[in-house]
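See below for the structure under consideration.
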Amino acid sequence: MARIRYGARTEAEIAATRAAGARLPDIWSTGVVALWETDPDAVAAVLPPPLTPTGRPLVRATISTVNLPGYPLGAGSVAVAAAHDGTEGWYPLVMPMTHERALTGGREVFGEPKKLGEVTVERDGLTVRAALARHGIAFVEVRGAVGGQLPPPAPETRTDFYFKFLPAVDGSGFDGDPVLVHCRRTEKVRTLERITGDVVLRESMYDPVADLPVQALVGITLGEKTSDQSGKVVRRVPAEALLPYVHQRYDDPRQVLDAPPEGSV
């Protein structure tokens with residue numbers, strides 16, 4: 001009988017898949033990072049407990065392309081500065097990706113708020129444009145010109161905070177209490193350039209980052225980097241604490257709060 005591809009894998013096949021993932025080489029991306037100060041009340045409003053604001057109301061937009069062989073990928077993130085239990089880091093609100101493959105592991109393993117979207121990084125001479133778009137709206141656009149080389153920084157480890165959960169089958173909330181994940185990402189940069197430009201935030205009902213206006217632009221850079229990450233569940237979070245924020249994850253929050261119609265498939 002021909003092999004049934006939906007059938008169980010052998011232990012040897014599972015081990016080989018795991019080993020292949022552990023042998024991945026460094027994957028370098030080219031991307032724009034924009035950092036700005038925003039309204040501190042807006043940052044406080046988007047942070048689910050137990051996350052708290054830091055001493056500076058920062059927003060960080062990252063817009064990158066990865067030239068994977070046969071599989072070019074666009075990846076982005078808009079995150080606000082946050083802290084938990086003495087650790088400072090970033091809480092991403094939206095992470096557009098151009099392919100489903102990039103969504104699966106991040107969402108299901110780490111709880112990352114990834115969504116399918118359009119990611120653009122363009123350079124024409126000294127002119128640079130980068131954008132994150134969904135539903136036909138470029139809700140973040142960075143425009144500018146290369147202003148000169150910067151020395152690559154030393155490798156840096158930062159923490160991102162994610163909430164991992166499963167919506168309840170009956171539409172009542174969650175199947176169990178969500179967990180808070182600390183994701184530690186070590187980043188190496190091999191080239192870095194300063195960009196003189198601006199950040200444009202456009203109104204979008206699906207990705208309302210315009211609620212985090214640019215009050216003071218800290219800086220924009222263009223660089224090549226690679227990173228690896230590891231995650232750790234640090235605590236469970238009461239469902240009632242996270243439920244008021246769950247709409248951040250979905251374009252239509254009824255996916256979580258409404259039970260499916262009886263008899264639906």
Side-chain angles (χ1 to χ4, degrees), residues 31-54 56-64 74-84 89-98 102-103 106-107 110-121 129-143 160-165 167 173-174 178 180-181 197-218 220 237 240-258:
V32 168
V33 176
L35 193 67
W36 67 90
E37 288 189 356
T38 191
D39 181 351
D41 291 337
V43 172
V46 303
L47 293 176
L51 300 184
T52 58
T54 64
R56 195 176 183 190
L58 292 173
V59 184
R60 185 178 192 265
T62 304
I63 308 171
S64 303
S77 171
V78 179
V80 296
H84 172 249
W90 298 92
Y91 174 60
L93 294 166
V94 60
M95 300 177 71
M97 303 283 143
T98 56
L103 302 181
R107 288 194 312 201
F110 292 96
E112 295 173 333
K114 291 184 173 180
K115 300 178 180 179
L116 283 174
E118 300 171 25
V119 179
T120 303
V121 179
R129 176 185 177 272
L132 301 176
R134 298 181 65 249
H135 302 287
I137 301 169
F139 58 92
V140 177
E141 183 176 3
V142 181
R143 306 174 300 196
D160 286 343
F161 304 114
Y162 304 122
F163 292 95
K164 183 177 177 180
F165 57 81
F174 306 114
L180 173 61
V181 175
D198 59 2
V199 177
V200 178
L201 305 179
R202 295 189 177 90
E203 175 58 34
S204 169
M205 64 180 290
Y206 301 104
D207 305 289
V209 297
D211 291 347
L212 301 164
V214 181
Q215 293 190 345
L217 184 61
V218 177
I220 305 172
V237 178
E240 60 271 17
L242 187 59
L243 196 59
Y245 299 88
V246 76
H247 62 282
Q248 295 175 346
R249 189 69 55 90
Y250 301 97
D251 289 347
D252 184 354
R254 290 177 298 178
Q255 291 176 271
V256 177
L257 301 177
D258 289 353

Determine the minimum heavy-atom distance between [X] and [Y], stating which atoms define it.
| X | Y | answer |
| --- | --- | --- |
| Leu132 | Ser77 | CD1-N, 4.1 Å |
| Gly106 | Lys114 | CA-NZ, 4.1 Å |
| Ala131 | Ala138 | CB-CB, 4.4 Å |
| Leu242 | Pro48 | CD1-CB, 3.7 Å |
| Ala82 | Leu47 | CB-CD2, 3.8 Å |

request  = Just grab all the side-chain hydrogen bond (donor to acceptor under 3.5 Å, both in side chains) pairs involving residues 34-53, residues at least two apart or on different chains.
outcome  = Glu37-Arg56
request  = For residues 200-210, pull every pair meeting side-chain hydrogen bond (donor to acceptor under 3.5 Å, both in side chains), keeping only residues two or more places apart or in separate chains.
outcome  = Arg134-Asp207, Glu141-Arg202
inquiry  = Going by side chain to side chain donor-acceptor pair (under 3.5 Å), name the residues that satisfy it together with Thr62, two or more places apart in sequence or in a different chain.
reply    = Arg60
query = Could you go step by step and tell me if Ile220 and Val33 meet the side-chain contact (heavy atoms from CB on, under 4.5 Å) rule?
reply = CA-CA 6 Å; Ile220 305 172; Val33 176; over 6 Å; no
Can you check whether [X] reaches [Y] side chain to side chain, under 4.5 Å on heavy atoms?
| X | Y | result |
| --- | --- | --- |
| Phe139 | Leu201 | no |
| Tyr250 | Pro167 | yes |
| Leu116 | Leu103 | yes |
| Leu51 | Leu180 | yes |
| Leu58 | Trp90 | yes |
| Phe165 | Leu243 | no |
| Val119 | Ile63 | yes |

inquiry  = Going by salt bridge (Lys or Arg N to Asp or Glu O under 4.0 Å), name the residues that satisfy it together with Asp198, two or more places apart in sequence or in a different chain.
reply    = Arg143
remark   = Residue set satisfying salt bridge (Lys or Arg N to Asp or Glu O under 4.0 Å) with Lys164, at least two apart, ordered chain then number -> none
key: Test log, rule side-chain contact (heavy atoms from CB on, under 4.5 Å), inputs Arg129 and Val142   = CA-CA 6 Å; Arg129 176 185 177 272; Val142 181; over 6 Å; no
remark   = Between the CZ atom in Arg107 and the CE atom in Met97, the distance rounded to the nearest 0.5 Å is 10.5 Å
Can you name the side-chain contact (heavy atoms from CB on, under 4.5 Å) partners of [X], sequence neighbours left out?
| X | value |
| --- | --- |
| Ala241 | Pro49, Val237, Pro238 |
| Pro113 | Pro92, Met95, Tyr162, Arg249 |
| Val46 | Val80, Leu93, Gln248 |
| Pro40 | Pro57 |

ask   = Given Phe174 and Val246, is the side-chain contact (heavy atoms from CB on, under 4.5 Å) satisfied, shown in steps?
value = CA-CA 10 Å; Phe174 306 114; Val246 76; 4.0 Å; yes
